[in-house]
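A short write-up of the structure that comes next.
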Amino acid sequence: MSLLRRLPQVSSLLESKEAASLAKSHGRELVTEAVRGVLDGLRAQIKSGENGVSEDALAAPAILARAAAVLEGASRPGLRRVINATGIILHTGLGRAVLPKAALDALVAENKGYNLLEVDRETAERAHRERHCAKLLERVTGAPAATVVNNNAAATMLCLAALAAGKEVIVSRGQLVEIGGAFRVPDVMKQSGCRMVEVGTTNKTRIADYEKAITPDTALLMRVHRSNFAVVGFVEEPSLEELVGLAKKRNLRVLDDIGSGALLDVARYGITPEPMVAASVAQGADLSCISGDKLLGGPQAGIIAGSTEAVALCRRHPLFRAVRPDKLQLVALEATLRLYLNPDTVEDTVPTLRMMKMPLAEIEKRAKAMAKALHAEVWDEESQIGGGSTPGQNLKTKVVAVDPGAKGADAVIVALRLGEPPVFARVQKGRVLLDPRTMQDGEDDEAVAAMKAALGR
Ligand SMILES: *Cc1c(COP(=O)(O)O)cnc(C)c1O
């Protein structure tokens, strides 16, 4: 019991000079809480009879130092940078697309004070907040009009509500997809106030199926891209051109939910082509929707491109105000879109594209350097594009394969996640793998240090 009695009083600790200086940065309340927490911890440790509570640990300076460390840890951002060593380029859990440097710079520079969000500086009149992005989108997609909302789920809902609320929307049974969470096409239709009319089968839907389902109540034909899975074998579905042809003949509109939304043909990276917005627009879809943070490689956003008249219907719909993007998204999206104006550099300036394009030789060189520092091996593996795009299609990569020793791979993975900075890696055949492809500039050294700490070396 003598150890317990030696613990200083909270009040005397708080009166110290060290506590006063901590209170200046963290506030009195948090300092009191931290000091109490450290004292409670020591008390519990002493009572449980654990050894290792030294006399020094009970002295005021040691207690205040521990409280300072607790405060320091708690004041770090919860939503913080992590090292993605999983090799999944669009990792939804880790924030999807890595923002281009131009977007990061613009986020700070254009948001330091006020900005031109909704004022036209020539006339001083109110203007649409997404007008700058829209102009760039019209240019890169070839669409006569475009607008931006908070994300693509919102874009899809808004388009359905604006073009077909209270009416019938025809969609193939092969496209009744779930994108993730509660985003399932049948539910989205219902929430948008549309009546879904399913046609065809899971694997085969023909243009005649759509044609037969048209009634006086039909407003829209919808196509949904199967972003996150593939149907192969005995399959058939009409092309977008056929849908547009039918819609024109019957005075209907066509909505194309593309999702992944490549602005650049990803076939160049050796994977199956993803549908491109420009093609969808050129083939005559009234509206095409894509995500800002999938293959486009920008911030979270929902992009709607299409005819002037259909885009105007979206802008005028009451839902539009509820799903509008904020100025941070718009500044980052504008900066990202601007990078696409230079096709010679866009694959270097947009990290998502850079990671897809990264030569195997460069990955191998980095893997070898890390493997050397960690006494690990280099293995052939595959990186994934991820993020609800290019299902089942992987890119060849080289990974660092670390032997976790007696500690075991699962324990090392946890230690990596809880380290500073947190590192996300994967386990294969008992080894902990680091894929350089998704690690950003300067993160190789950080990951090596984090791995050494996690291994206890
Ligand atoms: C990803 C995706 C969505 C949802 O987009 P978010 O930007 O994640 O809201 C909708 N439809 C399709 C086809 C998608 O691939």
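Every number for a ligand or one of its atoms is a count from 1 in the order of the listing.
For Lys190, the NZ atom is loosely surrounded, since the number of other residues' heavy atoms within 6.0 Å does not exceed 12.
For ligand 1, the atoms lying closer than 4.0 Å to a non-hydrogen atom of His225 are 13 (C). Short contacts between ligand 1 and Lys294, defined as distances under 4.0 Å to a heavy atom of the residue, involve ligand atoms 1 (C), 2 (C), 3 (C), 14 (C), 15 (O). Annotation for ligand 1: atoms under 4.0 Å from non-hydrogen atoms of Ala153 are 4 (C), 5 (O), 6 (P), 9 (O). Atoms of ligand 1 lying under 4.0 Å from any heavy atom of Arg96, numbered from 1 in the order shown and given with element: 6 (P), 7 (O), 8 (O). Listed by atom number, the atoms of ligand 1 under 4.0 Å from Phe183 heavy atoms are 10 (C), 11 (N).
With hydrogens and angles left out, the side-chain atoms of Thr205 and Glu237 include no donor and acceptor closer than 3.5 Å. A side-chain donor-acceptor contact under 3.5 Å links Asn152 and Asp257.
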Please list every donor-acceptor pair under 3.5 Å in which a side-chain atom of residues 444-457 meets a protein atom from a residue at least two apart or in another chain.
{"unit_1": "Asp444", "atom_1": "OD1", "unit_2": "Arg366", "atom_2": "NH2", "d": "3.0"}
{"unit_1": "Asp444", "atom_1": "OD2", "unit_2": "Arg366", "atom_2": "NE", "d": "2.9"}
{"unit_1": "Glu446", "atom_1": "OE1", "unit_2": "Arg81", "atom_2": "NH1", "d": "3.1"}
{"unit_1": "Glu446", "atom_1": "OE1", "unit_2": "Arg81", "atom_2": "NH2", "d": "3.4"}
{"unit_1": "Glu446", "atom_1": "OE2", "unit_2": "Arg81", "atom_2": "NH2", "d": "2.8"}
{"unit_1": "Arg457", "atom_1": "NH1", "unit_2": "Leu374", "atom_2": "O", "d": "2.9"}

Under 3.5 Å, which donor-acceptor pairs link side chains of residues 280-288 to any protein atom two or more places apart or in another chain?
{"unit_1": "Ser280", "atom_1": "OG", "unit_2": "Asp256", "atom_2": "OD2", "d": "2.8"}
{"unit_1": "Ser280", "atom_1": "OG", "unit_2": "Ser288", "atom_2": "OG", "d": "2.7"}
{"unit_1": "Asp286", "atom_1": "OD1", "unit_2": "Val254", "atom_2": "N", "d": "2.8"}

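When heavy-atom distances to ligand 1 are checked against a 4.0 Å cut-off, Asn152 comes that close through both its backbone and its side chain.
For a threshold of 3.5 Å applied to N or O pairs, the pair formed by Ser291 and ligand 1 contains at least one separation below that value. Some N or O of Ser227 is nearer than 3.5 Å to an N or O of ligand 1, by distance alone.
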>> Could you go through Tyr340 and Leu136, starting from their C-alpha distance and side-chain angles, then the distance that decides it, and tell me whether this counts as side chain to side chain contact (heavy atoms under 4.5 Å, CB included)?
In response: CA-CA 9 Å; Tyr340 280 88; Leu136 288 162; over 6 Å; no
